[in-house]
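Below is one structure, written out as structure tokens; the observations come after it.
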Amino acid sequence: MGAASSDITPKSTITSINPATKQPIGEVPDMSAADVHAAIERARAAQREWAKVPIEQRCKRVLRFAEVLMERAEEVIDLLVAEAGKTRLEALGMEVVVIADLTRYFCKHAPEMLEPEPVSLHLLKHRASYLHFQPRGVIGIIAPWNFPFSIPIGETVMSLIAGNGVVLKPSEVTPLIALKARELFIAAELPPDLFQVVTGRGPAGAALIDGGINYCVFTGSVATGKKVAAACGERLIGCTLELGGKAPAIVCDDADLDRAAQAITWGGFANSGQVCASVERVYAVDSVHDALVDRIVSHASSLRQGNAGVDEVDVGAMAWDQQLNHVEKIVQQAVASGAKVRTGGARGPSGGLFFQPTVLTDCKQDMDVMRKEIFGPVIPIMRVSDEEEAIRLANDSHLGLLAYVFTKDRDRGKRIAERVEAGTVMINDVLNTFACPETPWGGVKQSGLGRTHSIHGLRDLCETRHVNHDRIAMAREVWWYPYKPSTFRALLRGARLLFGKRFWQR
Ligand code: NAD
């Protein structure tokens with residue numbers, strides 16, 4: 001348990017459950033607003049000192065976290081399997097490795113990314129500007145349960161490198177992994193108060209925004225994201241919002257069907273489909289639809305599902321019961337409206353929170369399964385006449401996080417990708433760019449605001465400040481007092497020369 005929690009006397013607790021067995025695995029305090037505010041103040045005091053450390057030194061110290069993480073990788077993987085129901089390979093590949101790599105990447109490149117940036121002035125040549133990037137202070141991170149390590153800890157690493165302190169409010173479904181991460185930061189000898197973890201439910205997240213943080217990075221549902229944006233607006237602090245997704249996969253008539261089917265199967269079922277970038281709907285062009293469906297059904301029905309804590313499995317458990325209920329309901333509704341179950345379609349092995357890898361065909365655009373986020377191991381497939389129809393239906397959504405296009409023609413793929421309304425479009429691949437720290441992650445439409453990862457995400461964790469200075473010493477500027485008719489005439493002549501028709505025709 002983190003030091004933050006040892007400073008308080010909890011009035012109530014939250015029990016963490018292993019979703020593969022439904023057995024309790026730990027308890028954490030459900031912190032009050034006062035507890036959360038005290039954690040912010042501890043982080044703020046530590047951050048004042050941390051910000052004075054040159055960025056190269058900060059990177060050196062944060063890099064030690066990646067080393068400790070790799071030394072203790074099994075410990076983290078075991079907890080991810082136990083608390084989130086993941087398979088061991090997913091815990092390693094989608095959580096631990098992603099963070100080890102992101103940490104190394106930003107420790108190497110952040111000093112350059114946050115170097116002051118000159119801005120040359122196109123008109124006032126006797127002056128010049130530059131941007132410099134200062135830490136914001138304390139970053140509040142509010143996290144979901146689906147990637148309880150790689151989402152908030154990537155944001156934490158980037159925040160610390162940028163010179164901030166962090167207070168993380170993990171999901172109430174997966175609090176233990178956040179406390180484990182804090183343990184690793186302390187083992188890496190980072191200042192213990194710099195990174196605080198506050199455990200609790202929604203009100204603890206609200207208290208975090210209310211408690212004087214300087215910026216909020218929120219990842220979660222659209223509904224909560226709107227509340228977070230409103231609360232940040234009330235306090236006039238900025239926020240990055242990483243919200244839901246409904247990623248379409250467009251399969252063109254010239255696609256490599258073997259690759260497309262494998263990618264869609266993995267993209268729909270990895271992490272039990274609880275990925276904001278999951279393949280949530282497939283639009284397959286008529287001429288390849290049947291062959292694609294046969295391949296996906298064949299892959300899906302060969303997957304092994306169960307408790308990754310004891311068995312070797314391909315698909316693990318759903319993280320919590322409410323999500324399982326939601327998936328069951330949305331599949332039942334789709335079937336009642338005419339969708340056909342080609343494999344799966346019901347709860348999985350008894351004893352845990354499992355839903356079978358499910359493939360649905362004959363889906364229609366107006367079904368909930370094609371419109372609402374499923375966030376479970378379900379691949380709904382719809383037959384379309386051509387790629388134009390596929391693009392139109394892909395864009396017919398309030399969400400726009402990820403999208404996928406399958407075609408052997410790279411130029412055609414790019415043309416389609418540029419017409420699809422999504423923060424990221426991948427051609428002939430799925431999910432992976434979350435593991436590329438140099439690329440921006442984030443959505444358009446109601447999938448969110450701002451970006452995490454990349455130079456853009458790093459700079460969002462800083463205040464971009466601007467300094468404007470003289471290049472040539474001058475006694476005065478011509479437009480200063482006193483205002484004289486001769487100055488007006490001279491300025492007008494100059495403006496006509498610069499901005500008038502004759503100037504632009506030259
Ligand atoms: P959620 O919105 O229910 O909860 C997210 C977090 O917000 C939790 O820590 C919760 O305790 C907290 N919270 C709840 N009410 C709050 C309030 N009023 N103020 C502040 N914090 C509050 O989401 P979830 O069910 O944990 O996560 C699943 C959702 O997250 C899905 O929609 C998924 O698509 C999305 N997600 C998006 C991304 C992305 O990168 N865009 C990544 C992962 C998950």
Side-chain angles (χ1 to χ4, degrees), residues 14 16 28 30-31 33 36 84 94-95 98 140-155 167-175 177-178 197-211 213 216-235 237 239-247 270-280 318-327 372-376 397-402 422-424 431 433-435 439-454 457:
I14 294 170
S16 177
V28 297
D30 186 2
M31 292 188 183
V36 173
M94 300 174 110
E95 302 259 15
V98 168
I141 298 175
I142 302 176
W145 42 262
N146 64 328
F147 288 101
F149 191 73
S150 59
I151 289 176
I153 303 309
E155 291 156 0
V167 181
L168 163 62
K169 207 300 278 173
S171 167
E172 53 273 42
V173 181
T174 51
I177 194 69
V197 174
V198 291
T199 51
R201 300 190 169 85
L208 182 59
I209 300 168
D210 209 23
I213 54 169
C216 181
V217 182
F218 172 82
T219 309
S221 62
V222 173
T224 313
K226 288 180 182 176
K227 291 185 200 164
V228 166
C232 289
E234 192 61 39
R235 284 148 199 86
I237 56 169
C239 59
T240 300
L241 302 175
E242 294 289 351
L243 310 179
K246 186 72 191 163
N271 210 41
S272 276
Q274 302 164 117
V275 186
C276 51
S278 281
V279 175
E280 285 253 343
M318 310 279 311
W320 65 314
D321 52 359
Q322 284 192 33
Q323 195 57 36
L324 178 60
N325 296 341
H326 163 77
V327 172
K372 293 188 178 166
E373 195 177 35
I374 308 167
F375 226 53
S397 172
H398 66 296
L399 298 172
L401 187 60
L402 269 280
T424 295
L431 310 186
T433 66
F434 189 77
T439 64
W441 184 266
V444 300
K445 300 198 264 189
Q446 291 196 24
S447 286
L449 288 177
R451 296 291 180 263
T452 56
H453 296 179
S454 80

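Ligands are counted one by one from 1 in listed order, and the atoms in each one are counted from 1 as well. All values below were derived from every heavy atom in this structure, side-chain atoms included, with hydrogens, water molecules and symmetry-related copies excluded.
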Quick one: look at P170 and ligand 1, take heavy-atom pairs under 4.0 Å, and tell me if it's side chain, backbone, both or neither. backbone
Below 4.0 Å, non-hydrogen atoms only: which portion of Q323 touches ligand 1? Side chain, backbone, both or neither. neither
Which ligand 1 atoms, with their elements, are less than 4.0 angstrom from a heavy-atom of I151? 42 (C), 43 (C)
Side chain proximity check, S447 to L399, heavy atoms < 4.5 angstrom: yes
Gap between atom CG of L401 and atom OG of S278 - 0.5 Å precision: 10.5 Å
Less than 4.5 Å apart, side chain to side chain, heavy atoms only: is that true for T219 and N146? no
OG1 on T174 to CZ on F149, rounded to 0.5 Å: 12.5 Å
Polar-atom distance check: G220 versus ligand 1, any N or O pair below 3.5 Å? yes
Please report the closest heavy-atom contact between A270 and V275, naming both atoms and the distance. O-CG2, 3.6 Å
Can you tell me if E155 uses its side chain to pair, donor with acceptor, with the backbone of S150 under 3.5 Å? no
Note the single closest protein heavy atom to atom 38 (C) of ligand 1, along with its residue, its atom name and the distance in Å. C276 SG, 3.1 Å
Among non-hydrogen protein atoms, atom 4 (O) of ligand 1 lies closest to T224 OG1, 4.5 Å
What distance do H326 atom NE2 and W320 atom CH2 have between them, rounded to the nearest 0.5 Å? 11.5 Å
For residues G140 and L208, report the shortest heavy-atom separation together with the two atoms involved. CA-CD2, 3.9 Å
Among all protein heavy atoms in this structure, tell me which lies nearest to atom 23 (O) of ligand 1, with the distance rounded to 0.1 Å. S221 N, 3.3 Å
Flag the pair I209 / I142 as yes when at least one side-chain heavy-atom distance between them is below 4.5 Å, and no otherwise. yes
Per-atom filter on ligand 1: closer than 4.0 angstrom to a heavy atom of W145 are 24 (P), 25 (O), 26 (O), 27 (O)
Counting from 1 in the order shown, the ligand 1 atoms closer than 4.0 Å to a non-hydrogen atom of F375 are 28 (C), 31 (C), 33 (C), 34 (O)
Does any non-hydrogen side-chain atom of H453 lie less than 4.5 Å from one of F434? yes
Which ligand 1 atoms does S171 reach within 4.0 Å, using its non-hydrogen atoms? 9 (O)
Tell me the nearest of A143, A319, G205 to atom 9 (O) of ligand 1, using heavy-atom distances. A143
Could you list which atoms of ligand 1 come closer than 4.0 Å to a heavy atom of N146? 43 (C), 44 (C)
Could you go step by step and tell me if S221 and F375 meet the side-chain contact (heavy atoms from CB on, under 4.5 Å) rule? CA-CA 11 Å; S221 62; F375 226 53; over 6 Å; no
Do the side chain of E280 and the main chain of A247 share a donor and acceptor less than 3.5 angstrom apart? no
Do me a favour and list the nearest non-hydrogen protein atom to atom 19 (N) of ligand 1 with residue, atom name and distance? A206 N, 3.5 Å
Considering only heavy atoms of P144, which atoms of ligand 1 have at least one such atom less than 4.0 Å away? 26 (O), 27 (O), 43 (C), 44 (C)
Mind checking whether F218 contacts ligand 1 via backbone (N, CA, C, O), side chain (CB onward), both or neither, at a 4.0 Å heavy-atom cut-off? side chain
A student checking ligand 1 against L401 at a 4.0 Å heavy-atom cut-off should list atoms 41 (N)
Given G202, G442, S447, which has its nearest heavy atom closest to atom 17 (C) of ligand 1? G202
Atom 41 (N) of ligand 1: nearest protein contact (heavy atom, Å): L243 O, 2.7 Å
With a cut-off of 4.0 Å, which atoms of ligand 1 are near a heavy atom of I142? 6 (C), 7 (O), 9 (O), 12 (C), 20 (C), 21 (N)
For F434 and ligand 1, answer yes if some heavy atom of the residue is under 4.0 Å from a ligand atom, otherwise no. no
Protein contact of atom 5 (C) of ligand 1 - nearest heavy atom, named by residue and atom, plus distance: T219 O, 3.7 Å
Looking at V36 and M31, what are the two nearest heavy atoms and their distance? CG2-CB, 4.4 Å
Between M94 and L431, does a side-chain contact (heavy atoms from CB on, under 4.5 Å) hold up when you go through it step by step? CA-CA 10 Å; M94 300 174 110; L431 310 186; 4.0 Å; yes
min-distance protein heavy atom vs atom 40 (O) of ligand 1 -> W441 NE1, 2.8 Å
Can you confirm, on distance only, whether ligand 1 has an N/O atom lying under 3.5 Å from any N/O atom belonging to E172? yes
Closest non-hydrogen protein atom to atom 32 (O) of ligand 1, residue and atom name please, with distance? E373 OE1, 2.6 Å
